Amino acid sequence: MSQLETASRSLIEAHQLARLQIGLTRVLAANRFYQEKLRHHQSLTLTSLADLSTLPFTSKHEFISDQTVNPPFGTNLSNPLNAYIRLHQTSGTTGHPLKVLDTQESWDWWAACWTTIYQAAGVTDGDIVFLAFGFGPFIGFWSAYEGAKRLGTLTVPGGGMDSLQRLRAIQEIGATVLVCTPSYALRLAEVAREHHIDLSASTIRVTIHAGEPGASIPATRQRIEQAWGASTYDHAGMTEMGAFGFACSEQRGLHVNEGEFIAEILDPRSGRPTEEGQIGELVLTNLGRWGSPAIRYRTGDLVRRGGYQCGCGRTFLHLDGGVIGRVDDMLIVRGVNVYPSALADILHRFPNVAEYRVIVTKDSELDEIALQVECPSSIVADIAEELHIALNLRIPIEVVAPESLPRFELKAQRIVDRR
Ligand SMILES: [Zn+2]
């Protein structure tokens, strides 16, 4: 653990302000996107962290429009193009994919952010890290690979393999750390069961998850831990932002890596800061990716503001329960806020639920939801009862045939929007 992770709040904030001041100077000297965006701001000399709130937000929409007008890479570049060494892009599941370039410096910064995630999960250079994903343009696992390399572990890229081949490779190599999406960890466990492979006896001792929330949802985490006989850690990151959140041994959610990011948690409607315990939208500024920075970026992630004290000893801001959902994903059903993570937390408590999805429809002006679940019909009444207790809603449940619902290697799409 770095010294900053347990430092006083005043020291952490002084560190953040100093990094921000240096970075802004670099950005304003060369970055057309932010030069244009901030040109009406009289004073860009920030004398305290509170001054950050005088700068405008940045949205994904702005980055995408900029790339549409200035193809192919847009103008959020602080260096000449030949300084950039990597191109990644967002999945595009919610619209046009965004391309993001990194310089060697900012790519090294990504790797450093990932070493924080590994170290908080107790991974050391004696571990063998297996990365179970196809190495495409998605940044998450490439950066996980770079971070593992920087930590000095033996890293095993598990691309170009099907699930059974990956399971065999893990066994053969004796991998000790698995990195994949939480959905895919559960899919691998399912394939292992079909082939009579006992994963709880495998050498995997830690699993780290990326790409979607899930590992901070207690029932989902427990299900992964039981299947693999391992300790499961969440992390949160975004292509356009960086790997900003990591889980610690306390397993109550995520810490923000405040050495490398400034977090604000704001009411999505009023834009005002939330109090401890309240849910708001996470707005982030990265402090080391000056080649293609994101300043006051509206992540669209809903988080609950925790405190600055944690049993692990860290003083970095805590997000209780991790990323709870997306601002766009929150459903209001008969007046009740329903987060997809809350549904996962209930359904994953039932070992006989293999997979599920949520069908969203509109009845006149109101959202309605129904569930399709791969499970024995004998447990439907119990699931309905748990949902009723937790959400105070009666949700219709349809039992579907085993293996009939989609499985996912990357981000799971369990919400089917028929509105
Ligand atoms: Zn902690």
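Because the structure is a prediction, the values reported are computed rather than measured. In listed order, ligands and their atoms are each counted from 1.
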Worksheet item: In total, how many protein N/O/S atoms does one find closer than 2.8 Å to the Zn ion (ligand 1)?
Response: 4
Worksheet item: Would a distance-only check, ignoring hydrogens and angles, find a side-chain to backbone donor-acceptor pair under 3.5 Å from T285 to R296?
Response: yes
Worksheet item: Would you call the rings of Y34 and F63 parallel, tilted or perpendicular, where under 30° means parallel and over 60° means perpendicular?
Response: perpendicular
Discussion item. Taking R304 first and then E276, would you say they form a salt bridge - that is, a charged N and a carboxylate O separated by under 4.0 Å?
Written reply: no
Discussion item. For H235 and F246, I'd like to know if the aromatic rings sit close, meaning centre-to-centre distance below 6.0 Å.
Written reply: no
Discussion item. Please confirm whether the ring centroid of W110 lies under 6.0 Å from the ring centroid of F244.
Written reply: no
Discussion item. Taking the cut-offs as 6.0 angstrom to the six-membered ring centre and 45 degrees off its axis, would you call R289 and W109 a cation-pi pair?
Written reply: no
